[in-house]
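Some notes on the structure that comes next.
Chain A is the first sequence line, chain B the second, and so forth, proteins listed ahead of strands; every chain is numbered from 1.
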Number of protein chains: 2
Amino acid sequence: METKSAVASLAALAHEGRLAAFRLLVQAGSDGLAAGELARRLDMLPNTLSANLNILSHAGLITSQRDGRSIVYRAQYDAMRDLLGFLVEDCCGGSPEICAPLMKVASPCC
Amino acid sequence: METKSAVASLAALAHEGRLAAFRLLVQAGSDGLAAGELARRLDMLPNTLSANLNILSHAGLITSQRDGRSIVYRAQYDAMRDLLGFLVEDCCGGSPEICAPLMKVASPCC
DNA sequence: TCCATATTTCCAGCATAATCGAAATATGTA
DNA sequence: TACATATTTCGATTATGCTGGAAATATGGA
């Protein structure tokens with residue numbers, strides 16, 4: 001992953017509303033969530049949310065797909081993994097004892 | 001980790017110069033790097049770098065310690081782990097097959 | 001066709017962030 | 001003390017990002 005792409009992803013996530021939206025999508029899994037449902041849960045104006053989803057989408061962190069009148073958004077887990085990997089790349093100056101805890105960012109489902 | 005703190009960390013990293021500085025510190029390990037050394041490697045003006053290191057520091061991602069005339073900066077690996085954990089929290093809607101690759105953000109030293 | 005729902009696009013105003021030069025502070029040395 | 005090095009702070013300018021209202025687009029149903 002190149003620096004530019006990482007900065008775009010981080011900038012997209014560095015916003016309270018967008019971060020909340022992204023995390024909801026991450027938690028939603030492969031079903032994703034419709035824009036309206038996200039707006040309701042996050043209590044955001046539809047146009048503001050749309051602009052923010054657009055930013056996440058351009059950063060490659062989410063995808064969108066029309067389903068009837070709704071547009072369903074989904075997290076792009078690959079992009080997320082690339083981003084996390086970029087941050088820890090060549091980490092710790094060769095000290096596994098520092099590095100090991102970083103690898104334990106486990107989630108209940110794993 | 002609360003949302004505010006995560007946003008501050010992500011905003012701190014969402015900048016080409018700061019991201020590069022942080023990654024150098026992550027790679028430097030426990031020795032850290034002096035501000036001047038960072039400025040040289042990153043080809044940044046000392047005052048600009050100082051402002052950026054201050055932002056990373058306030059976000060809790062790095063620490064500073066005076067050593068003679070220099071000030072040595074070090075990555076805060078705990079803060080980094082918290083941030084990564086926050087992003088993947090309750091992920092994947094209970095689908096380990098989606099989630100598993102996320103846990104493989106391994107680094108050579110681990 | 002007409003209307004309601006779902007979402008996006010456009011626009012303008014406001015707030016925040018980035019950068020640089022210059023000056024200030026702190027440390028070490030002759 | 002006087003000076004060089006290392007780094008930070010200050011101040012001003014410029015650029016960028018965020019928000020909300022209004023209008024536009026797209027879909028589905030009566």
Phosphate contact (D:dA6 OP1 or OP2) by B:Tyr73 side-chain N/O below 4.0 Å = no
Measure the distance from CD on A:Gln65 to P on D:dT27 and round it to the nearest whole Å.
-> 13 Å
Please state how far atom CG in A:Leu53 lies from atom C1' in C:dT8, giving the value in whole angstrom units.
-> 11 Å
Between P of C:dT9 and CG of A:Leu49, the distance in whole Å = 13 Å
Would you check if the side chain of B:Ser9 reaches a backbone N or O of B:Ser5 as a donor-acceptor pair within less than 3.5 Å?
-> yes
Hey, is the main chain of B:Gln76 close enough, under 3.5 Å, to the side chain of B:Arg74 for a donor-acceptor pair?
-> no
Can you check whether A:Asn47 has a side-chain N or O nearer than 4.0 Å to OP1 or OP2 of D:dC18?
-> no
Distance col, row A:Leu49:CG vs A:Tyr73:OH, nearest 0.5 angstrom, shows 7.5 Å
Would you confirm whether A:Arg18, through its side chain, and A:Asn52, through its main-chain N or O, come within 3.5 Å as a donor-acceptor pair?
-> no
Between B:Arg66 and B:Gly68, is there a donor-acceptor pair closer than 3.5 Å when you use the side chain of the first and the backbone of the second?
-> yes
Nearest-Å distance, CG (B:Leu56) to P (C:dA17)?
-> 14 Å
To the nearest angstrom, the CG-P distance between B:Leu10 and C:dA17 comes to 15 Å
Nearest to the side chain of B:Asn52, which nucleotide is it out of C:dT19, D:dG28, D:dT8?
-> C:dT19
Whole angstrom value for the distance that separates P of C:dT25 from CG of B:Asn54 | 17 Å
Hey, does the side chain of A:Ser70 come within less than 4.0 Å of C:dT7's phosphate (OP1/OP2), counting only N and O?
-> yes
Send over the distance from B:Asp67 CG to C:dG28 P, rounded to a whole Å.
-> 9 Å
Between B:Ala34 and A:Met44, whichever has its closest DNA chain D nucleotide further toward 5' is B:Ala34
Return the value, rounded to whole Å, for the distance between atom CG of A:Leu38 and atom P of C:dT8.
-> 10 Å
Out of D:dT27, D:dT9, C:dT19, which has the shortest distance to the side chain of B:His15?
-> C:dT19
For C:dT19, take OP1 and OP2 only and decide whether either is under 4.0 Å from a side-chain N or O of B:Thr48.
-> no
Could you check which of C:dT8, C:dT27, D:dT7 has an atom nearest any side-chain atom of B:Arg69?
-> C:dT27
Residue whose closest nucleotide on DNA chain C lies nearer the 5' end, A:Ser64 versus B:Arg18 | A:Ser64
Can you figure out which of D:dG20, C:dT9, C:dA18 approaches the side chain of A:Leu45 most closely?
-> D:dG20
